[in-house]
Amino acid sequence: MMNTQSFFSIAGQFKAVFLDSYGVLKNHRGLIDGVKQTIDFIRERGIALRILTNDASRSQHEQYLVFQRLGLTSIQEEEIITSGMLAKQYLQHKVKNGRIAYLGTESAASYILESGNFSVPAREVDLEHADGIDAFVFLDDEGFDWNSDINTTVNLLRRKTMPVIVANSDKLYPVSKNDVALATGSVAQLVESILNRSFIHFGKPDSQMFMYAFDHLNRDGQYDKDDILMVGDTLHTDILGGNKFGLKTTLVLSGNTSSRNADLLINATGIIPDYICDSIVG
Ligand SMILES: [Mg+2]
């Protein structure tokens with residue numbers, strides 16, 4: 001068993017905390033017990049908060065509504081930073097009045113592709129007119145046929161070189177206590193390996209989300225990286241990303257990483273959190 005510390009005693013030493021969402025605030029059952037009290041603690045202490053989530057399937061506003069419904073009513077929309085927001089921002093800057101093909105649901109496409117571009121689901125791509133597509137986005141693991149639409153994607157990207165964006169690099173997500181499902185990152189990785197190419201990835205551990213959160217927090221120049229604690233349940237995304245960006249990191253054992261295998265995983269990956277807590281509760 002791991003020797004864990006109290007989250008409150010660690011968080012109390014920082015001016016700001018960046019929290020991952022899934023496995024930290026909530027899990028497949030809903031809000032993790034006691035999280036409401038932790039958010040109250042953070043507010044009472046005047047600690048600034050940002051939520052950094054690798055979720056491209058829901059907009060910032062939809063995520064905000066989920067937290068409201070779960071009872072985390074003090075969370076503000078602008079405190080939530082999603083990998084989808086960053087993908088959308090990138091498309092706004094890089095593709096103008098273009099046609100963007102995607103794998104994902106229509107609702108995910110509707111907000112990410114609100115970038116002044118026209119969106120085309122992979123199933124509607126006409127490979128004979130591949131020239132008409134300007135960029136491709138891996139948005140979500142749902143909303144398409146895993147056989148025909150992934151084949152279309154591979155063939156499209158073989159015919160025409162274009163920017164390819166992965167709006168969420170996560171490979172798996174938990175669907176129950178023991179089981180996982182393949183996430184967008186797995187589909188993108190399959191296509192990357194087939195084509196022997198590297199796409200543009202958004203979301204932790206890539207630095208854009210940390211940079212965005214830091215710039216947003218630090219508009220008045222009051223914060224140093226030393227003042228910020230990154231908290232997450234996944235070594236490869238939250239802890240690696242936080243470490244690379246130069247933040248102190250806390251691994252929590254309430255999600256992806258269990259107390260049973262935390263030591264082994266840390267040793268095997270070399271991704272070392274500064275602190276380990278059972279959860280953000282207490
Ligand atoms: Mg997580």
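These numbers were taken from a predicted model, which means no experiment stands behind them. Order of listing sets the numbers, starting from 1, for every ligand and every atom in it. We count residues from 1, following the sequence as given. The figures here come from the full heavy-atom set of this structure, side chains too, leaving out hydrogens, waters and symmetry mates.
- Side chains of Arg158 and Leu195 form a contact here, defined as non-hydrogen atoms less than 4.5 Å apart.
- By the 30° and 60° cut-offs, the orientation of the rings of Phe199 relative to Phe138 is parallel.
- Residue Asp233: an N/O/S atom is found under 2.8 Å from the Mg ion (ligand 1).
- Note on ring orientation: taking the six-membered ring where Trp is involved, the planes of Phe214 and Phe245 are perpendicular (angle over 60°, cut-offs 30° and 60°).
- Open room surrounds NZ on Lys171; 12 or fewer heavy atoms of other groups in view lie less than 6.0 Å from it.
- The nearest N/O/S atom of Asp20 to the Mg ion (ligand 1) is OD2.
- One of the N, O or S atoms belonging to Tyr22 lies under 2.8 Å away from the Mg ion (ligand 1).
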